[in-house]
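Read through the structure below, which is laid out as structure tokens, and then see the notes.
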Amino acid sequence: MRLSAKSKFIIIVGDPVSHSLSPAMHNAAYEKLGIDDQFVYLGANVKVVNLKEVVLAMRVMDNFYGLTCTIPHKVEILKYLDWVDEKAKKIGAVNTVVKKNGLLCGYNTDLLGVVIPLEKITYLKGKKVLVLGAGGAARAIVYGLKNKKALVYILNRTLEKAEKLAKEFDVKVLNYKDQKKISDFDIIINATSVGMEPFSNITPIDPSFLRKNQIVFDIVYTPKETKLLKEAKKKKAKVIYGFEMLLYQGVAQFEIYTGKKAPVEVMRKVLEEKLKI
Ligand code: ATR
């Protein structure tokens, strides 16, 4: 144990939080870079009504250095911060808070969790992308893709929600009933929880419309290979697993917290071990 009274701590807060893989992923990365005497990453279950007390603690405790917000705190945290990054402001959610010169600064790294893995295999400018879902995850993804000049469409079970989100971000809507048009898209991203265990035998769209060479990215990471990705593979589409999003939002977060380049492969290994994939 190399920690001391000078070590900085970062806490992930959520409700629930015990399933979070972030502490294992970040602490392994600190160890790899030999900075595990300077940083430690912990987790705490916090009710939404108590979030402001956590922020107060962060203000008065000098080495309470970072805060990660997961569900349901990503929106609530905004009102307690001193400064919020433009992208996070537009998305309306913050997952990363860091103390800089005593000020609490908020960022959103969820969008990078989707953009980075996609950009490893394709460019996004001008690509026709279909985002499935219109909730919080979809907001970050739609914004991230629009920012990269992709042609974004939203398909959602509840049409009004898709229309509202599309209007806000100036993108288009694909009606749930027009699923045959799915084959026109270059990239399809599932931003709903459909397919997550224990309901892993369902897909958010009719997979018979998927086709060869499309890229299909599912943000669900339990199971690793969702039914949607299985069906996409059968059609010879390229698939991106949900844990890539978990990994790269964490990589971006690591770099904000430490100012150092993240050891991506160490972080990937931790996720693979924990998710038994
Ligand atoms: P998050 O913040 O994680 O994105 P959310 O805000 O609850 O979660 O959004 C969940 C998304 O998944 C919504 O787009 C939801 O569709 P509706 O707007 O119609 O509710 C979508 N979703 C959840 N369960 C679904 C299901 N069984 N079939 C289709 N879409 C579903």
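Each ligand, and each atom within it, is numbered from 1 in the order the structure gives.
The shortest N/O to N/O separation between Val194 and ligand 1 does not fall below 3.5 Å. Residue Thr192 has no N or O atom closer than 3.5 Å to an N or O atom of ligand 1. Annotation: Ala138 places no N or O atom under 3.5 Å from an N or O atom of ligand 1; distance criterion only.
For atom 13 (C) of ligand 1, the nearest non-hydrogen atom of the protein is Asn156 OD1, 3.8 Å. Considering only non-hydrogen protein atoms, atom 22 (N) of ligand 1 sits nearest to Arg157 NH2, 3.9 Å. Looking only at heavy atoms of the protein, atom 9 (O) of ligand 1 is closest to Gly135 CA, 3.5 Å. Among protein heavy atoms, the minimum distance from atom 17 (P) of ligand 1 is reached at Thr158 OG1, 3.4 Å. Of all protein heavy atoms, the one closest to atom 8 (O) of ligand 1 is Gly136 N, 4.4 Å.
For atom 19 (O) of ligand 1, the protein comes within 4.0 Å by at least one heavy atom.
In this structure, Leu247 and Glu244 have side chains that are in contact, with non-hydrogen atoms separated by less than 4.5 Å.
Using a distance-only test at 3.5 Å, with no hydrogens or angles considered, a donor-acceptor pair links the side chain of Lys99 to the main chain of Phe64.
For ligand 1 and Gly133, the ligand atoms under 4.0 Å from any heavy atom of the residue are 14 (O). Interface of Lys161 with ligand 1, defined as ligand atoms under 4.0 Å from a residue heavy atom, comprises 17 (P), 18 (O), 20 (O).
Atom CG of Leu56 has more than 12 heavy atoms from other residues, nucleotides or ligands within 6.0 Å. Counting non-hydrogen atoms of neighbouring residues, nucleotides and ligands closer than 6.0 angstrom, the NZ atom of Lys90 exceeds 12 such neighbours.
For Ala134, the closest heavy-atom approach to ligand 1 falls below 4.0 Å.
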Cut-off 3.5 Å, no hydrogens considered: what does the side-chain donor-acceptor table look like for residues 208-216, sequence neighbours left out?
| unit_1 | atom_1 | unit_2 | atom_2 | d |
| --- | --- | --- | --- | --- |
| Ser208 | OG | Asp206 | OD1 | 2.8 |
| Ser208 | OG | Asp206 | OD2 | 3.3 |
| Arg211 | NE | Ser183 | O | 2.5 |
| Arg211 | NH2 | Ser183 | O | 3.4 |
| Arg211 | NH2 | Phe185 | O | 3.0 |
| Gln214 | OE1 | Arg211 | N | 2.8 |
| Gln214 | NE2 | Ile182 | O | 2.8 |
| Gln214 | NE2 | Phe185 | O | 2.9 |

Determine all donor-acceptor pairs shorter than 3.5 Å in which one atom belongs to a side chain in residues 257-266; sequence neighbours excluded.
| unit_1 | atom_1 | unit_2 | atom_2 | d |
| --- | --- | --- | --- | --- |
| Tyr257 | OH | Leu67 | O | 2.9 |
| Tyr257 | OH | Thr68 | OG1 | 2.9 |
| Thr258 | OG1 | Phe254 | O | 2.8 |
| Thr258 | OG1 | Lys260 | N | 3.0 |
| Glu265 | OE1 | Arg268 | NE | 3.3 |

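Taken to the nearest 0.5 Å, the CG atom of Leu271 stands 13.0 Å off from the NZ atom of Lys276.
Residue Asp110 is tested with Lys87, Lys74, Arg139 for a salt bridge (charged side-chain N to carboxylate O under 4.0 Å, His left out); the sole match is Lys74.
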